[in-house]
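Just below is one structure, and these are the notes that go with it.
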Amino acid sequence: MSDSSSSDSESDSETTTDTTTTPPIDTTSQYTDKTFKDLGLAPALCTSCEELGWKTASLIQAQAIPYALEGRDIIGLAETGSGKTAAFALPMLHSLLLTPRRMFGLCLTPTRELAFQINEQFEAIGGSVGVKTVTIVGGIDMMQQAIALARKPHVIIATPGRLVDHLENTKGFSLRTIGELVLDEADRMLSMDFEEELNRILDVIPRTGCRTSLFSATMTSKVQKLQRASLKNPGK
Ligand code: AMP
């Protein structure tokens, strides 16, 4: 994947008037008969999925990916094991393949372990198409991470606390080019008291032109508040 400008914005979700109120996507680990090609994903990504031995899409993938490819925000009720990581990684990689942009994707997740797992899936699916990712979590040298951020990866996978640390202390680092945001395990992030950090991050991400997906195992009142603050007319 080559370098390119970072200011492109294809989202039209601000002007979307569809007000369908279907219930949130509810998933188990079950699979559908939909192939990744059926969902409209780029051939290179379909090949990556085949190489991983993924024959058909899981329920959350079959439900979320078509909305995402339309540029819609997403809210998904999904647990670990449902295939939710690929449900947000595949559309982000698809978008990057169409228009490569540095510092384009941001995935926020509550723990270091989850961040590393997400990074592994991005590399497994997107490594062959040249996507560059960086994982920003606590417990690792700030300077080393600052250097990785200065190289301008396509996707940042981060825990909220350490990302805010970089926003405050890393010269030249900003999130103003982010075009896709994922809030993974939103209920856990909020129960771990990351609300303030999430608000700090949401404040510096472009309001227009950024597509947001929120995934949560449960729908709590705090998640609903975050949903209202971050999503525009989401596909559910
Ligand atoms: P996740 O729910 O994202 O933690 O994914 C759980 C596991 O399912 C991961 O190990 C993925 O590699 C695997 N996986 C994701 N999507 C598929 C699929 N469509 N078919 C088979 N395995 C999958």
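Both ligands and their constituent atoms are indexed starting at 1 by order of listing.
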query = Any idea which atoms of ligand 1 are less than 4.0 Å away from a heavy-atom of Ser82?
reply = 2 (O)

key: Contact check, side chains of Arg162 and Gln145, non-hydrogen atoms, under 4.5 Å   = yes

request  = Please confirm whether Gly81 comes within less than 3.5 Å of ligand 1 when only nitrogen or oxygen atoms on both sides are compared.
outcome  = yes

inquiry  = Using a 4.0 Å cutoff against the non-hydrogen atoms of Thr85, which atoms of ligand 1 qualify?
reply    = 1 (P), 3 (O), 4 (O)

inquiry  = Show the atoms of ligand 1 that are less than 4.0 angstrom away from any heavy atom in Thr80.
reply    = 2 (O), 4 (O)

query = Looking only at distance, does Gly83 have an N or O less than 3.5 Å from an N or O of ligand 1?
reply = yes

task = Quick one: name the residues clustered hydrophobically with Phe116, using the 4.5 Å side-chain heavy-atom rule over I, L, V, M, F, W, Y, and just say none if it's on its own.
result = Val137, Ile140

query = Would you find a donor on one side and an acceptor on the other, under 3.5 Å apart, between the side chain of Asp187 and the backbone of Ala217?
reply = yes

key: Partners passing ring-ring contact (aromatic ring centres under 6.0 Å, His included) against Phe215 (at least two apart in sequence or in another chain)   = Phe88

query = Would one find more than 12 heavy atoms of other residues, nucleotides or ligands at under 6.0 Å from atom CD of Glu196?
reply = no

request  = Evaluate the side-chain proximity of Pro234 to Ile74: yes if any heavy-atom separation is below 4.5 Å, no if none is.
outcome  = no

key: Location of contacts on Gln61 toward ligand 1, heavy atoms closer than 4.0 Å   = side chain

inquiry  = Against ligand 1, does Ile60 come closer than 4.0 Å with any heavy atom?
reply    = no

note = atom 19 (N) of ligand 1: of Leu90, Thr56, Thr32, the nearest heavy atom sits on Thr56

inquiry  = Heavy-atom distances under 4.0 Å decide this one: backbone, side chain, both or neither, for Gln121 against ligand 1?
reply    = side chain

query = Which one holds for Phe36 and ligand 1: side chain close, backbone close, both close, or neither close, with close meaning a heavy atom under 4.0 Å?
reply = side chain

